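The structure under discussion appears below in the form of structure tokens.
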Amino acid sequence: MSDKSEEQIAKDKEAVKAMIGAKSAMEAAQRRIELLESRLKSVRSDCEYVARALGEGAHFRIYHANDWRVRSVKEIFNDIDNTIKAVL
């Protein structure tokens, strides 16, 4: 038979439940990461499409750091692209 006491068996069962819970949490986190990466790739693609549609001469007047300034669409979308690349 077994040399384990009922108390040890109960502890082992609790440890297994905890490991199963941790595995489930890790799997959920992995699915969320995959979804976020997929969405970031989609945003990146959409930004490329919009930048091409607006063309090289398009500019936006934006408010940033308590000041208004003009930035090219290409520059803005390059910044977005670089940010997404850094995350992925």
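Here, residue 1 is the first one in the sequence, and each next residue gets the next number. Just so you know, these numbers come straight off a predicted model, no measurement behind them.
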Would you tabulate the side-chain donor-acceptor contacts of residues 54-66 under 3.5 Å, counting partners in other chains and residues two or more places apart, or write 'none'?
residue	atom	partner	partner atom	Å
His59	ND1	Gly57	O	2.8

Validation: residues 9-16 side-chain donor-acceptor distances under 3.5 Å, sequence neighbours left out:
residue	atom	partner	partner atom	Å
Asp12	OD1	Gln8	NE2	2.9
Asp12	OD2	Lys4	NZ	2.7

Let's go through Cys47 and Val43 carefully: what are the C-alpha distance in whole Å and the side-chain angles of both, what is the deciding distance for side chain to side chain contact (heavy atoms under 4.5 Å, CB included) to 0.1 Å, and is it a yes or a no? CA-CA 6 Å; Cys47 286; Val43 167; 4.1 Å; yes
Residue pairs meeting salt bridge (Lys or Arg N to Asp or Glu O under 4.0 Å), one or both in residues 24-41, sequence neighbours left out, come to Lys23-Glu27
Hits for side chain to side chain donor-acceptor pair (under 3.5 Å) against Arg52, two or more places apart or cross-chain, chain-then-number order -> none
With sequence neighbours left out, the residues meeting side chain to side chain donor-acceptor pair (under 3.5 Å) with Asp46 are none
Could you tell me the separation between the [atom1] atom of [X] and the [atom2] atom of [Y], rounded to the nearest 0.5 Å?
X	Y	atom1	atom2	result
Ile76	Asp81	CD1	CG	13.5 Å
Ile80	Glu75	CD1	CD	11.0 Å
Phe77	Arg71	CZ	CZ	10.5 Å

Sequence neighbours excluded, the answer for side-chain contact (heavy atoms from CB on, under 4.5 Å) partners of Asn78 is Lys74
